[in-house]
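Ligands are counted one by one from 1 in listed order, and the atoms in each one are counted from 1 as well.
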Amino acid sequence: MKHRIVVLGAGYAGANAAGRLAKRLHPADTEITLVNADPEFVERVRLHQLATGQDPRPRALTDLFAGTGVQVRIARVTAVDVDRKTVALADAGEIAYDTLVYALGSAAADCGVPGVAEHAHFVAGKQQALRLRARLAGLAAGEAVLVVGGGLTGIEAVTEIAEARPDLEVALAARGGLGDWLSEKAQRHLRKAFDRLGITVHEHTDIAGVEADGAVTADGRVLPARVTVWTAGFAVHPIAAASTLEVSATGQIVVDETMRSVSHADVYAVGDAAFAPGASGAPLRMSCASGVPTAYQAADAIAARLTGGGLPENKIGYTGQCISLGRRDAIVQWVTPDDRPKPSAVTGRTAARIKEMICRAAAWSVAHPTSMVPVRRRHIDPVPVAVSA
Ligand SMILES: Cc1cc2nc3c(=O)[nH]c(=O)nc-3n(C[C@H](O)[C@H](O)[C@H](O)COP(=O)(O)OP(=O)(O)OC[C@H]3O[C@@H](n4cnc5c(N)ncnc54)[C@H](O)[C@@H]3O)c2cc1C
């Protein structure tokens, strides 16, 4: 009987893990199934572009994986039973595995703030971005849009909206100072870009509630808006926390440096779903920048453990934070491997080109799931593998 590997989620992390496993393991003795709710690959890093009327290229997962040996199954996962080694699928029964790669990603977090779920819009998922797109398209000149959240997603969303709709009154509410974790050079550039795009910034502003016509701050001010876009954080799906897997306070699966669950040796977690140690031991941040390397790490570790090869030894670290400021401007903030900003940053059109190149490369790696890795398909070692934990 073949060794059954089931990969849950075909975002940047799951798709790359499945493709790399197909290159590492021999199809004669492994069966790889990739389960995803959406029939298309969703380029999440471009959802603010989708929300402002641009159309990222559609890519059907069955086309992307045709001929790779990976079987694509379009279904929604409703539960995992890591003790029985099964995954429950909505309307499609159960699927059994020998090794599970959990890559269900994340969604918008309402952070427990009243009114967010009822009144706010989001860019964290495709359907949400499409809903925002329709809402923005219906706004008349002069109407107000408030983006809540001064992190990377908030900055990208607010600049994209302001650039696409210069006729709107666009504002950002940030809990801290604008881009205050960035180098001085990057912060100066960010302020200039916000001035150029006419974005009002409410710094050091905590939003305590969202209503149909705006947001209310913790100190009782009202920020009127026809549309409030909530980008204050990502949260993982509750499926892992509902199982017996060890999860963090954030609900992410706690894994070791090879992305293997610390509680269940046949489960791996990658991408946003993983609580994984980064270069300094601190957890990796939810990002595409972590998702792809964690996928490679997990695939290589699984292949090594099954075939008797050496475990990957590299630690996952960062080089930069790439922040789009509309289509013609961006910041590439160089960072240390543990994500602390260095003094240097690239800004302007050059940065925009770098950012675009990185987005394309991330999508390319998914669209060519087995092209990035030289073929080294190995047979599974029939004897229990003596690779250390
Ligand atoms: C607007 C925006 C801009 C961003 N920009 C950047 C950036 O510039 N750089 C960066 O590094 N990161 C960026 N990010 C973050 C990045 O997109 C995520 O961290 C990344 O997508 C995580 O990859 P993933 O594969 O773990 O999860 P996802 O990309 O979320 O993929 C998860 C997959 O699982 C599927 N799925 C979920 N639940 C189920 C279920 N129950 N059953 C079956 N399938 C399911 C989904 O359909 C999806 O295909 C951005 C995010 C947003 C929203």
Side-chain angles (χ1 to χ4, degrees), residues 6-18 34-52 56 59 61 72-80 87-90 92 95 101-109 122-129 132 147 149 151-161 229-231 233-240 242 252-253 259 269-274 276 284-295 298 318-325 330-333 335 339 354-356 358-359 361-363 365-366:
V6 174
V7 181
L8 304 182
Y12 297 97
N16 272 292
L34 177 61
V35 183
N36 200 64
D38 197 308
E40 284 181 359
F41 169 63
V42 174
E43 258 188 280
R44 272 185 86 196
V45 302
R46 291 195 194 272
L47 287 181
H48 54 306
Q49 294 177 239
L50 183 69
T52 51
R59 293 178 170 97
L61 288 167
V72 173
R73 187 143 173 196
I74 305 304
R76 177 162 292 282
V77 176
T78 54
V80 291
V87 175
L89 305 176
I95 177 167
V101 181
Y102 186 105
L104 292 182
S106 64
F122 307 91
V123 289
K126 185 169 84 173
Q127 294 311 322
Q128 294 170 331
L132 173 59
V147 174
L152 298 170
T153 309
I155 290 173
E156 292 201 332
V158 78
T159 49
E160 201 75 40
I161 293 169
V229 184
W230 188 262
T231 68
F234 294 148
V236 294
H237 302 284
I239 292 172
Q252 292 164 292
I253 298 172
M259 303 301 133
V270 293
D272 286 2
L284 295 171
R285 84 179 133 89
M286 288 190 192
S287 62
C288 183
S290 328
V292 176
T294 59
Y318 300 97
T319 50
Q321 292 180 10
C322 302
I323 314 165
S324 68
L325 305 170
I331 294 171
V332 176
Q333 172 64 64
V335 297
D339 215 21
I354 296 174
K355 164 86 188 186
E356 178 58 27
I358 289 172
C359 290
S365 71
V366 172

Matching residue for P39 among L61, V72, I74 - test: side chain to side chain contact (heavy atoms under 4.5 Å, CB included)
I74
Can you spot which of N16, V270, V366 makes a side chain to side chain contact (heavy atoms under 4.5 Å, CB included) with V292?
N16
The side-chain hydrogen bond (donor to acceptor under 3.5 Å, both in side chains) partners of S290 (sequence neighbours excluded) come to S287, Y318
Using a strict cut-off of less than 4.0 Å between a Lys/Arg side-chain nitrogen and an Asp/Glu carboxylate oxygen, indicate whether E356 and R46 qualify as a salt bridge.
yes
Write out the protein residues near ligand 1, meaning a non-hydrogen atom under 4.0 Å from one of its atoms, in order of chain and number.
G9, A10, G11, Y12, A13, N36, A37, R44, V45, H48, A75, R76, V77, A103, L104, G105, S106, V123, A124, T153, E156, F234, H237, I239, G271, D272, M286, S287, C288, A289, C322, K355
Pick from E160, K126, Q128: which one makes a side chain to side chain contact (heavy atoms under 4.5 Å, CB included) with L50?
K126
Counting C-beta onward and ignoring hydrogens, is there a side-chain heavy-atom pair between M286 and Q252 closer than 4.5 Å?
yes
